[in-house]
Amino acid sequence: MTDDPLLAVRDLKKHYPVRSGLLRRVTGQVKAVDGISFEVREGETVGLVGESGCGKSTTATSVLRLEEPTAGDVYFEGDDITAYDDDEQKRFRRRAQMVFQDPNSAFDPRMTVGESVAEPLAIHGLRDDDRQAEIVSDILERVGLSADDADRYPHEFSGGQKQRIALARALILNPDLLVADEPVSALDVSVQAEILSLLDDLQSELGLSMLLISHDLGVVREVCDRVGVMYLGEMVEVAPTEELFANPQHPYTEALLASIPEPDPRSRGEAVELTGDVPDPSNPPSGCSFHTRCPRVVPPEDFEFPDGSFRQVLDFRLAAENGDVDTDALAGDTALREEFGLPSSLPDPDAESVLAAAISDAASGDVEAAADRLADAFPTVCERTDPELVDTEAGHPAACHLHDAASEHAPPELTNPQD
Amino acid sequence: MSNPLLSVRDLHTTFDTDDGTVRAVDGVSFDVDAGETVCLVGESGSGKTVACESITKLIPTPPGEIAAGEVRFDGEDLTSLPDKQLTEYRGGRIGHVFQNPQGALDPVYTVGDQLVEAIRLHRDVPKSAARERAHSLLDRVGIGDVEDRIDDYPHQFSGGMKQRVVVAMALACDPDLLIADEPTTALDVTIQAQVLRLLDELQDERGMAMLFVTHDLGVVAEIADRVVVMYAGKVMETGDVYQVFENPSHPYTKALLECLPGRGRALETIGGTLPDPTDPPDGCRFHPRCPHAVPACEDGDQPAFEDVGGSHQASCVLYGADYDEPELAEANDD
Amino acid sequence: MPSTEQQSPLFTRIDWRDQSASLLDVRPRTAGLVLALAAVAVTFVYNHQVATTALVGTWDLRRMDWLLFVACILLVRYGVVPLVANWERSSGTVREFLRRPAGLLSLAWILGFAVLGLVGPELIGMPRVDFYADYQPPVFTTSHVTNIANVECVGPVTDAGCHGTWQYPLGTTSTGENVVNIVMYGAHIALKLSITAAMIMVVVATAVGTTAGYFGGWVDDVLMRYVDFQQTIPAIVVYIIVATMYLGKGLFTLALVFGLLNWGGIARLVRSETLERRESGYVRAARSAGASDLHVLRRHIIPNSAATVITAATRQIPLLILAQVLLAYLNLSDVRLRSLGEILNRALPPLGVGWWVVASITVFLVGTVLAFNVFGDTARDVLDPKEVA
């Protein structure tokens, strides 16, 4: 036994080329996954959460080398899987399995459930029909179906039952690692609960390690030991599950947690609302990619901004840069201030004079000048530099400039990004 | 007490399939008052979508058919109206928002043109006036720089923005009732929060009633005034949102709340599967899966509604005269 | 929950070191296919090197027959064997097919057509010229054919004219060939042509379509651009050129040229099916379980495009049959002696007299074309697994 984690991912990147034009020349890169690192230890369940387009599914397929990563290393029990030869690769395929989101497309409609579940056995050389049938019956019963179901066809089962069969197929090779990509998001909530508790039972029975990909923080909280939060291809925070929920360190995690509607009508309207959409991953913002939406974006040091007002100033600037300021409809300084939620004046006179000048630029139609003026006067560290994933005072790492000070002043041995 | 804006009484909607007649909605009644938000909540197969599509007869006929029942909107029975008059209501006094914004917008027209068309379908106004209204609607639903974007095509908008456009279209003729069928299910959670907030604000501004269909109890808690819980084509429980969440009375509602993941306690599961829609069980539809089922649950029709406090009602024999309530109450506190 | 909690699950007790997938692990049906193809190859070589005139006795095989052999072997391996081997599964499909009146009728016609084409010419022989029995009307009908010089009526003659007889149930041509024999021989030619050309199309289209769809990228680009290009070439023109200049105006050339030039549409369909299936859960699951591309293609992608391929191929067959008749009519297909086209050419005005020759051939052609189309439609309805789900 070594101390190596079962799965270690180091600086994984997966970029997809964007091709355009007649000759299909590469004109850009979608950085689906852009340098993420995490580990899955034996028997542990690690969750990856994030919104659509954050790269969590790409991470799953790249980690299993179902897609070739663009850069970075993936170690399985300390061995680099990108260096595997064919035999090693096949052995790895046996030991690391995947479950997919949509149970309805998960089965070949022409094959019986038994054949589908036994397929991995045949792929790995166990071709004895009787032996296969025996193993399939056993595993079907273990996932809560009956042995007779082996002769039925997938369309005869409900979504939840199909997901059980999918689990049986993934577990039949007795893998050490199970990667589950949104395993319950296509299911009804009562069925979700059944699948999640089945997963939990099987995991403890088999000593399985699991990487769970989900957009649903409730699901993650239910089954994961540790959670990584992803945003636009980057890992913004990694923490033990309860710690993450109790004490989120990254503003994105905070916002994500706050956006989940609570099944409690008394806590209505408490959500922190994020402004704007998720940026285009082929053209992510500079610096911290969350700065365009972050409610706690770091204001420039030379000025005083009351709580949250820098967010509005930045929103105004970003709108100006994108040409989203409709100067025809919004005549006059006050109308502009109102539209972007800007205060009638900022308390810091220096900041106010810059803002006032920018607004009158915009009001007189020169939106670009307004944007430039604001960009020059109010630089923010969030836009300039990409924050590293560093340990925070809460004890777990997050990638946010709000924690810069903490890490700079912390004793050196604690700044090691990997624990 | 004035009449409710929308009153659905004993609605039956059936679908003819190869496997038999599916009774998707099987005797459903509920009311929506003016200015109120009612949530139809249930899992897939509960009939919630069919119920709200039956209101303006949007169900595909055949195979679908409104077999019986009454849908009164502002005093008028919509089920007996001829199609021509019904189209006056659709998109006019009753607006619709569907789950998938992609499908609700025609990809070959600009969003501005689609809005103008929606307005002029019901209002006899010149194009310029309609366009002005489209402009202000888009502005209201939070599309930045409308002047530029009004002539964009749907594919140029993100999912959340498309749903805002769809909401704008539903509002085109100042409806009295907005029917929103899972409007946020296809959206990310941070975008969902934005859209929910928007709907809430719009409703306040316009005093519009909203019938909101969802499977997500979190969303229900966020937005509902009253809740109608459906299961297998029947209503299990109705009540004020606080009553339903704080004192869930029907065993199904309880089970549904228990199996929400991520509340930091052990997950409860319901067990069993949805009944066959072509051959539902006798008695209470939920009895084969119900942990509290008694022999009386197995016979006859769905139990009558019993008052469990105020306007809060549950269709469960345990609240009938023959039973005391303690056993259920016990399961309630943990 | 499982009652066998104490016992460790069976799948955890597999010793994977014992399980080595060997290349020698071949299924009998694959071995059978290889053997059959090898046998054809050996006989072919033998026929060309040793017994150059006749293979057995007077039976001489021509190149069309070789092609037909290979096509039949493929048809048996990929059509009949799976149907019979998985009878449990296929019986449901077959029953579903037969439950539909249109399917039943079309299948009956096609089977009749196939049996006629196979054994008809062997049993009752080729149409023969017989100037003592020319212009005979079909049974139950009469015709004033005796007005034509030198025509004797085989049946009784009344005021209504010459009566048809059971000797020539469908009548005879102007040169006295029995129309029954003509139709059977026509069926024989059509059958040969359909099997070979359809097989060529199916094999090439499946190979190209799946390769393009599954591997994507430049492979896809190159193959599909080629298909675009190929679809601009009219097969009929190529046939005329190749037939007159190189290979001769025979069925062989026809099958080869039409088979090799008409698969583009099918390949496109197969490609789009493949694109869809490539992303499906079961393909991804198989790949993540370590399946090779070959395994995925053979187990999942190709079998699942079968419905599309069968439907598309059955639509091509009537076109082929009609094309052959047309070419023979234009004297561009020289199928030793009498093809339907050639007979039509002689039977239609100004040369023709008896309406029955044209009528018989037309009924046969229309029926066959219709049967294949209906068969294709029904097969698609029955085989489409999406409908079941």
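Within every chain, numbering begins at 1; the chains are lettered A, B, ... in the order of the sequence lines, protein sequences first and strands thereafter.
Residues C:A286 and A:I123 share a closest heavy-atom pair of O-CD1, 4.0 Å. Contact detail for A:D108 and C:R299: the closest heavy-atom pair is OD2-O, 3.7 Å. Across all their heavy atoms, A:L173 and C:A289 have their closest contact at CD1-O, 4.2 Å. When all heavy atoms of A:Q97 and C:S288 are compared, the closest pair comes out as NE2-O, 3.6 Å.
Rounded to the nearest 0.5 Å, atoms CD (C:E276) and OG (A:S105) are 10.0 Å apart. With values rounded to the nearest 0.5 angstrom, A:L64 atom CG is found 11.0 Å from C:R287 atom CZ.
Within 6.0 Å of the CZ atom in C:R298, the count of heavy atoms belonging to other residues, nucleotides or ligands does not exceed 12. Around CG of A:D86, the count of heavy atoms belonging to other residues, nucleotides or ligands within 6.0 Å does not exceed 12.
Chain C forms more heavy-atom pairs under 4.5 Å with one residue of A:E156, A:E115, A:Q89 than with any other, namely A:E115.
The part of A:A96 that comes within reach of chain C is its backbone (N, CA, C, O), which places non-hydrogen atoms under 4.5 angstrom from that chain. Contacts of A:F100 with chain C are made by side-chain atoms alone, with heavy-atom separations under 4.5 Å and no backbone atom involved. Looking at A:L206, the atoms closer than 4.5 Å to chain C (heavy atoms on both sides) all sit in the side chain, from C-beta outward. In this structure, the portions of C:H300 lying under 4.5 Å from any heavy atom of chain A include both its backbone and its side chain. Contact annotation for A:F92: neither backbone nor side-chain heavy atoms come within less than 4.5 Å of a heavy atom of chain C.
Counting only heavy atoms from C-beta outward, the side chains of C:Y282 and A:R110 never approach each other to under 4.5 Å.
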